[in-house]
Amino acid sequence: MSTITQRGSSSKSKEELWLQAGTLPKGEYDIFLSFRDPDVRQTFADCLYSWLVRSGIRTFRDEEELHKGEMIAPSLAKAITESKIHIPILTKDYASSKWCLQELAKMVECWRLGKGYVILPIFYFLDPRDVRHPLQNGAYREAFEQHNLKHDPETVRRWEEALQEVGKMKGWHVTRSDGQGAVIDQVVSEVELHLRSHYTLVTDVLVGIDSHVERVTELLNIGGLGGKIVGIHGMGGIGKTTIAKAVYNKVCTNFDRCCFLENVRGTLSKDGGVVSLQNMVISGILRSARQVTNASEGIHVIRERVSKYKVLIVLDDLDENFELDQVLGNLGSFPIESRFIITTRDLRVLELFEEYSMYEPGEMSYDHSLQLFNRHAFGIDHEPAEEQAPLSKEFVKLAAGLPLAIKVIGSLLYRRDEVFWKAKLIELEAVGPTKVHGVLKISYNELTRHEKQIFLDIACYFVGEDKELPIYMWGGCKFHPETGISTLILRALLKVDEKNRFCMHDHIRDLGRAIVNEEDVERPGNRSRPILCREDVLTMLKNGEITDRAEILRIDMTGKDHYELTNKEVEKLSRLRYLEVRGGRLVGDFSGSLPNMRWLRLHMCRSVPTNLNLKELIILDLYNCGSLADDWRVWGKIKLAHRLKAVCVSSCYGMKRAPDLSPCASMELIKLSFCPSMSGELHIGNMKNLKLLEINSTRITGLTGDIVTLQSLRELYLNSYGLRQVPTGMVKLTSLEKLQLSLASVTESPPLLPTSLKALCLSSCPSKLPNLLELKDLEHLSLSAFSREIIPGEICKLSKLKTLSLSNSEAEPFGSVVVLPSSLNSLRVGFCGSLERLPNLGNLNNLMELSLLDVGVYEIRGLGELRILETMSIRKAPNLSNLDGLQSLLLLKKLKIYGCPALEKLPSVANLSNLHRLYIRSCQLISEMQSLAPLRQNLTSLEIDGCPRLDICDSIQSLESLQRLNLTCCRWSVETLLPHLSKLRKLSSLTIGEDTQR
């Protein structure tokens with residue numbers, strides 16, 4: 001929250017001074033929602049609130065308990081003044097509430113200050129004229145007659161003026177004939193439009209950017225006929241992405257929908273890159289979680305659905321290999337008002353288009369460069385101290401107006417003394433002002449030896465890799481990875497994304513690879529990290545051209561099963577600490593080779609070495625290695641691997657027994673999975689450092705050793721179908737957060753569970769869990785294949801539970817359960833034929849997904865209260881006779897009803913304007929369903945199969961967005977249907993009876 005310092009005397013309140021500070025304060029909320037509680041709380045207001053929250057918009061909803069005393073509560077006043085947008089829902093009884101009128105008067109007071117506040121009124125079943133003239137004959141006249149008797153004239157006058165002002169504002173007049181879901185969608189779209197000026201893309205550099213933004217905006221020619229494609233061209237590090245983001249932030253409010261695609265070149269370099277980009281566009285524009293699976297489907301969805309909007313799409317970092325038609329299809333299908341911004345280093349990208357405009361930013365001006373330098377070197381935007389200014393100017397000159405170089409140099413000098421500054425200045429002067437890599441290398445040179453090693457490893461091999469396993473390797477090499485990674489981030493040389501993957505700017509990555517190449521320009525095999533195509537690696541290995549200088553090596557022999565790698569070919573690689581081999585054969589005894597190996601990754605190798613050098617090994621990763629067996633000599637010598645921390649064995653079908661890893665006291669991660677012949681017990685020994693243990697799809701029968709010693713264990717997955725005994729003492733694992741157990745072969749009662757659990761998945765549980773209600777932090781609970789009542793009646797006490805999944809139960813799963821936790825957002829119940837009664841779901845106001853499969857329920861009580869439900873699937877429910885409340889699920893997107901023979905009719909779906917897919921199958925008695933015409937804008941898939949009494953012919957022709965239609969085993973013939981299909985211009989798949997037409 002901003003703080004305003006008041007100077008001099010003033011009669012104005014602190015609140016008024018705060019509101020006049022010039023920009024809206026950044027409060028806790030974006031929206032203040034005001035309404036008369038009894039009128040619409042459980043209907044329209046609740047749905048609007050839920051949809052706003054689901055859209056990521058922070059919304060304050062007035063609560064009745066805040067209405068105390070005669071004046072508006074301070075918390076309400078604060079929420080109003082901090083919110084950017086005010087939405088009063090004006091109903092016929094709104095003016096009868098003095099608190100509603102006080103809120104409205106406060107909103108108008110803020111709006112009159114002219115500081116960007118927005119009021120978006122909704123006239124709900126109320127004529128706006130009654131609001132503009134509250135004292136005349138109308139809905140509010142009687143209310144004001146009562147207020148005049150109870151309140152002073154000045155207060156009543158303020159309320160009247162507030163209503164008059166709001167009554168003149170543009171809003172929504174909702175009548176009883178309107179689809180309320182469609183109105184809510186319009187409100188949310190309008191809110192998003194207003195908020196775009198507040199929520200913008202984060203940019204790294206904003207110094208001096210205004211002139212660039214102005215030029216690009218002019219080229220876009222928004223509102224005109226030209227400017228559909230604008231390219232921003234320039235060298236890497238010049239600020240193209242930053243400019244594109246700033247332009248996006250400025251102009252996005254001029255478009256229906258917007259999407260910013262970062263690092264397009266990097267995405268396209270990966271398998272499935274085109275489809276990945278298409279899904280980003282589809283989800284960004286349609287605000288949908290829908291995923292396409294191939295490029296043709298993606299182009300179809302973009303052409304038929306995305307292109308109906310006036311869009312702004314930014315494609316960042318394209319190269320000459322990019323073909324726009326492959327990703328977005330023909331741009332001619334988009335409205336002429338749509339705009340596309342492209343950033344690229346290669347002018348050839350833009351020359352592929354017939355018409356385009358181009359902007360080249362050029363170098364950053366001296367003044368702006370100095371300001372940017374000061375920001376990173378001193379943490380200030382103004383001039384530094386007098387004695388530091390001359391040196392600052394020298395550094396800025398040498399950076400030659402390149403923002404990336406300025407940022408890296410400034411970060412290097414931050415909080416360093418004058419002696420250090422002068423030494424770095426001498427180095428930079430030797431490099432010269434135009435060589436980008438040379439400038440960036442100054443920062444690299446300042447790294448410690450270990451930090452340099454980490455930097456070069458990432459630049460050459462681990463960009464895009466999860467950081468966990470590399471950290472094990474670097475830790476084993478005593479590179480101090482935690483501090484090293486932190487230093488690289490602080491020096492602006494590295495980023496770690498939200499998925500814990502390493503990211504580098506292309507210039508910085510190329511710098512690292514150039515440094516490695518400079519180790520020996522003429523002989524690539526004499527480098528520490530040979531970066532070679534797979535054919536060259538194999539050839540150079542055979543010829544002995546890869547020397548003992550190599551530290552990291554990747555060998556790809558996939559598809560070349562006759563290729564062999566022998567111990568002789570690697571015996572001189574004494575410094576190699578990472579070896580990855582894919583495919584082919586490894587032949588010979590490697591125990592005398594690779595003495596410095598820390599990480600060995602063998603994937604899909606037809607044969608493995610007869611022996612390994614285990615002395616320094618940290619990570620052993622074996623996947624689908626055909627010859628791997630119990631008698632592998634390495635297993636017998638595993639006790640020599642004193643430093644081993646991680647072992648992964650997966651899909652190795654020759655393994656008959658679990659390897660004995662108990663001598664490895666340093667072990668932190670064990671994964672044994674999809675080895676169907678692997679049996680026996682796993683010895684855990686004294687693995688006090690173990691953090692993750694996973695046994696999946698094996699015949700391992702149990703664990704031997706004292707599990708209580710595993711005090712570092714955070715994740716435990718025991719899904720072996722041979723498991724016979726659950727480790728005792730599990731309750732003492734105070735660090736355990738995730739537990740998954742398959743108890744199919746276990747006859748004893750389940751153990752007490754540790755209260756630290758956040759996720760619990762149990763299969764084939766023989767009896768009720770002894771202490772489930774003590775798991776106060778539990779968020780995810782999945783139970784399957786149980787033969788007796790297992791859910792405690794007081795499960796509602798698990799106040800943090802988000803997902804609940806129950807399946808394959810021979811017993812009534814809920815038993816005495818009356819109420820489920822209101823925190824649930826997903827409820828799935830499957831293959832529970834004995835389930836005839838669900839708890840009342842009316843309190844689940846956070847539920848987004850409901851799935852019932854093969855259950856005996858007769859009704860779903862509280863269905864109409866699930867206001868934010870998006871997906872509902874009811875399959876094989878033979879006793880279900882009604883779906884009362886369905887008509888209230890205004891946010892529902894997918895509805896599947898299958899195998900409900902007792903269901904005779906469906907409630908009206910006319911208000912479900914967000915419904916995209918409707919699937920009804922094998923419901924022989926359904927004969928009544930109201931018109932589907934109100935769903936014409938969003939319904940894309942309609943399937944009705946095996947419903948001989950249902951007639952919807954008259955509705956079909958109005959479903960203009962329909963892409964897939966399946967009418968099988970129903971009452972209609974082709975001749976009957978065809979006249980109704982002529983207007984379905986977007987239809988791409990039609991199935992009638994047994995015939996399919998495409």
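Side chains of Thr343 and Asp316: a donor on one and an acceptor on the other come within 3.5 Å.
With hydrogens and angles disregarded, a donor-acceptor distance shorter than 3.5 Å links the side chain of Asp256 to the backbone of Lys310. Under a 3.5 Å cut-off, the side chain of Gln278 and the backbone N or O of Leu328 do not form any donor-acceptor pair.
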* For the pair Asp497 and Cys503, evaluate side chain to side chain contact (heavy atoms under 4.5 Å, CB included) and give the outcome as yes or no after the intermediate values. => CA-CA 7 Å; Asp497 68 12; Cys503 305; 3.8 Å; yes
* **Chi angles and distances behind the salt bridge (Lys or Arg N to Asp or Glu O under 4.0 Å) call for Lys228, Glu337** => CA-CA 7 Å; Lys228 193 162 194 174; Glu337 302 89 351; over 6 Å; no
* To do: Kindly determine whether Asp30 and Lys84 satisfy salt bridge (Lys or Arg N to Asp or Glu O under 4.0 Å), including the steps that lead there.
  => CA-CA 5 Å; Asp30 303 312; Lys84 301 172 180 67; 3.5 Å; yes
* Asked: For Leu494 and Phe455, what are the C-alpha separation, side-chain angles and deciding distance, and is it a side chain to side chain contact (heavy atoms under 4.5 Å, CB included)?
  -> CA-CA 8 Å; Leu494 177 68; Phe455 173 79; over 6 Å; no
* Kindly determine whether Phe340 and Val230 satisfy side chain to side chain contact (heavy atoms under 4.5 Å, CB included), including the steps that lead there. => CA-CA 6 Å; Phe340 300 85; Val230 173; over 6 Å; no
* May I have the step-by-step check of side chain to side chain contact (heavy atoms under 4.5 Å, CB included) for Ile229 and Ser357, ending in yes or no? => CA-CA 6 Å; Ile229 299 175; Ser357 300; over 6 Å; no
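When all heavy atoms are compared, the tightest approach of Asn938 to Ser913 is ND2-O, 2.6 Å. A pairwise comparison of heavy atoms in Tyr248 and Cys259 identifies OH-N, 3.8 Å as the closest pair. Residues Ala162 and Ala105 approach most closely at CB-CA, 3.8 Å, considering heavy atoms. Across every non-hydrogen atom of His233 and Pro361, the tightest pair is O-CD, 3.2 Å. Scanning all heavy atoms of the two residues, the minimum distance from Ile508 to Leu493 falls at CG2-O, 3.4 Å. The two residues Asn279 and Val292 make their nearest non-hydrogen contact at OD1-N, 2.7 Å.
Interatomic distance, Lys308 NZ to Arg257 CZ, rounded to the nearest 0.5 Å: 8.0 Å. Expressed to the nearest 0.5 Å, how far CZ of Arg61 lies from CG of Leu52 amounts to 10.5 Å. Note that the CG atom of Asn249 and the SG atom of Cys258 stand 10.0 Å from one another [nearest 0.5 Å]. Atom CZ in Arg339 sits 9.5 Å away from atom CG in Leu312 (nearest 0.5 Å). Distance check, rounded to the nearest 0.5 Å: CG of Leu33 to CD1 of Ile57 gives 11.5 Å. In this structure, OG1 in Thr267 is found 5.0 Å from CG in Asn263, a value given to the nearest 0.5 Å.
Under the 6.0 Å cut-off for aromatic ring centres, Trp421 and Phe378 qualify, their centroids lying closer than that. With ring centers used as reference points, Phe255 lies 6.0 Å or more from Tyr309.
The closest side-chain heavy-atom distance from Lys407 to Arg375 is not below 4.5 Å. In this structure, Phe502 and Val463 have side chains that are not in contact, with every pair of non-hydrogen atoms separated by 4.5 Å or more. Counting heavy atoms from C-beta outward, His300 and Ser296 have side chains that stay 4.5 Å or more apart. Counting heavy atoms from C-beta on, the side chains of Arg305 and Leu286 come closer than 4.5 Å. With a 4.5 Å cut-off on side-chain heavy atoms, Val264 and Asp317 do not count as touching. With contacts defined as side-chain heavy-atom distances shorter than 4.5 Å, the pair Ile458/Met504 qualifies. Contact of the Phe353 side chain with the Leu324 side chain is registered, since non-hydrogen atoms from C-beta on lie closer than 4.5 Å. Counting only heavy atoms from C-beta outward, the side chains of Phe334 and Val306 approach each other to under 4.5 Å.
Using bins of under 30°, 30° to 60° and over 60° for the plane-to-plane angle, the ring pair Tyr117/His86 lands in the parallel bin.
In this structure Glu190 satisfies the side-chain contact (heavy atoms from CB on, under 4.5 Å) test together with Leu120, Trp172, Leu193, His194, sequence neighbours excluded.
Partner of Tyr359 under the side chain to side chain donor-acceptor pair (under 3.5 Å) criterion, chosen from Arg215, His212, Glu218, Lys240: His212.
Ion pairing of Lys106 with Glu109 is present here, as a side-chain N (NZ or NE/NH1/NH2) and a carboxylate O approach within less than 4.0 Å. We find that Glu214 and Lys250 are not joined by a salt bridge, their nearest charged nitrogen and carboxylate oxygen being 4.0 Å or further apart.
Seen from the ring of Phe420, Lys424 counts as a face-on cation partner, given the 6.0 Å and 45° thresholds.
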